[in-house]
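For reference, the structure discussed in these notes is given below.
In this text the structure is predicted, and so the values were computed from the model without any measurement.
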Amino acid sequence: MNEQTVSALIHRIKSNITQPLRLMEVCGTHTTAIGRCGIRSLLTPELELVSGPGCPVCVTSQYDLDQMIMLSRQPGVTIATFGDMLRVPGSETTLELEKAAGADVRAVYSPFEAVKMAQQEQDRQFVFLGVGFETTAPAIAMSVELARQYGLDNYSVFSCVKTMPAALHALLGGGKSSLHGLILPGHVSAVIGRKAQDFVASHYHLPAAVTGFELTDILTAVLALVEMATKDEAAVVNCYPSVVREEGNPQARALIEKVFAPSDANWRGLGLIEQSGLSLRRELTQFDARLRFPVTPQDTPENSACRCANVLLGEITPPDCALFGSKCNPLSPEGPCMVSSEGACAAYFRYERKKAVTL
């Protein structure tokens, strides 16, 4: 980190602010980086940074969570999942508690581990919980391709993959947004490209900046947004050109399109969004866990005291939730935003709790 560069960026940001501004970091990894680097404390109070629906674990709906838990109870079924999903509360329990009760639930670092397990233990059915955005989708798609090549009939994917542009349309099109700019996710943009997000400026006249996850990356994006907002200009700029191209990654997109097709999806906080999810294509239904193991939870009430949905929409910050830091904490989470490593509540608790308590 170049301290002179950081100081210069902060000075320029503060010098350009002529009115209160509210920016949203869409990506959960940005939320974590902002907390870890103490960016809020470096900026002026007139500049507010709020979190958005960019944590895939956090936006997974209660209904989908309950389906996953029901799947873990099926005889002969092994659930393979990223570790963040284990402790996310469903209506009554978690995958971690189901594992303690005897379910075969295994944490993996990639879907390829699940494919390997399926190869080695062909007397069991392996279901990979496909939770993620465009960033994760290529690896999940490749796992399906490998399972097909290997002739595996004991591997399937429970797809909860979602696409970010659809969520941004839902967020900005609702008419309730009071944002002055978006910090767009660098990882997702590396796949879909900067150009795919031009609609933020052209349709909603909102400035946006694609950027990376280092301190200077984020400050550079904030400066670009502040400059545009104060001039009432709107464009989607690329502050991460070393990784993000105009058209994204054509090979990754082709792989996604080969395995997945757009489908409706439920989002925590945003509800049902048409064509915002990715389901396995019809010719790959043998690898679709939703079809292979159909389960229907009878009732999926959400914790009415938990305000994760409001956090994901940028309506409140985590300390505004009455449960934050008391009843809801990393050891006893009430909602997914306190569980996930990319969750806004977890980031605030870890890096900004003292400030939150003061507030």
Side-chain angles (χ1 to χ4, degrees), residues 26-32 51-61 63-65 67-68 71 79-88 95 106-115 126-147 155-168 184-193 196 213 243 248-249 251-270 273 275-281 284 287-290 308 312 336-337 339-344 346:
V26 175
C27 176
T29 308
H30 278 146
T31 299
T32 303
S51 304
C55 164
V57 172
C58 302
V59 297
T60 299
S61 72
Y63 185 83
D64 285 334
L65 282 165
Q67 282 187 304
M68 295 173 187
L71 271 175
I79 299 295
T81 179
F82 297 133
D84 279 6
M85 291 301 298
L86 291 177
R87 299 178 63 233
V88 179
L95 287 171
R106 307 182 192 180
V108 295
Y109 289 103
S110 79
F112 306 121
E113 286 186 59
V115 172
F126 285 81
V127 176
F128 178 74
L129 303 182
V131 175
F133 295 123
E134 290 92 337
T135 317
T136 314
I140 299 173
M142 180 58 74
S143 78
V144 173
E145 283 290 281
L146 288 175
Y155 177 77
S156 55
V157 172
F158 185 87
S159 179
C160 286
V161 180
K162 296 177 173 62
T163 53
M164 187 51 69
L168 295 181
L184 294 174
H187 292 153
V188 166
S189 301
V191 176
I192 67 175
F213 306 95
V243 173
N249 184 327
Q251 290 78 23
R253 293 206 317 274
L255 182 56
I256 293 172
E257 291 171 8
K258 183 179 180 181
V259 172
F260 292 110
S263 61
D264 298 347
N266 269 304
W267 297 61
R268 187 184 298 268
L270 290 167
I273 305 177
Q275 303 294 284
S276 68
L278 294 176
S279 297
L280 272 71
R281 289 192 171 277
L284 295 170
F287 299 107
D288 190 338
R290 290 181 184 270
C308 279
L312 292 167
C337 294
V339 178
S340 173
S341 60
E342 296 184 359

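Under a 3.5 Å cut-off, the side chain of Arg281 and the backbone N or O of Ala261 do not form any donor-acceptor pair. Looking only at distances, no side-chain donor or acceptor of Ser51 sits under 3.5 Å from a matching main-chain atom of Leu312.
Considering every non-hydrogen atom in both Cys337 and Cys58, the closest pair reads CA-SG, 3.7 Å. When every heavy atom of Phe287 is checked against every heavy atom of Leu280, the shortest pair comes out as O-CD2, 3.4 Å. Considering every non-hydrogen atom in both Val191 and Glu134, the closest pair reads CG2-O, 3.8 Å. Closest approach of Ala289 to Val127, counting heavy atoms only: CB-CG1, 3.6 Å. Across all non-hydrogen atoms, the minimal contact from Val131 to Met68 is CG2-CE, 3.9 Å.
Interatomic distance, Glu342 CD to Thr31 OG1, rounded to the nearest 0.5 Å: 8.5 Å. Once rounded to the nearest 0.5 Å, the distance linking CD1 of Ile192 with OG1 of Thr163 reads 8.5 Å. Considering CZ of Arg290 and CG of Leu71, their distance stands at 9.0 Å, rounded to 0.5 Å. Summarising the geometry, atom CG belonging to Leu278 is positioned 11.0 Å from atom SG belonging to Cys160; distances are rounded to the nearest 0.5 Å.
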Passes salt bridge (Lys or Arg N to Asp or Glu O under 4.0 Å), Lys258 versus Glu145? Steps please. CA-CA 9 Å; Lys258 183 179 180 181; Glu145 283 290 281; 2.9 Å; yes
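Ring pair Trp267/Phe133 is parallel by interplanar angle, where below 30° counts as parallel and above 60° as perpendicular.
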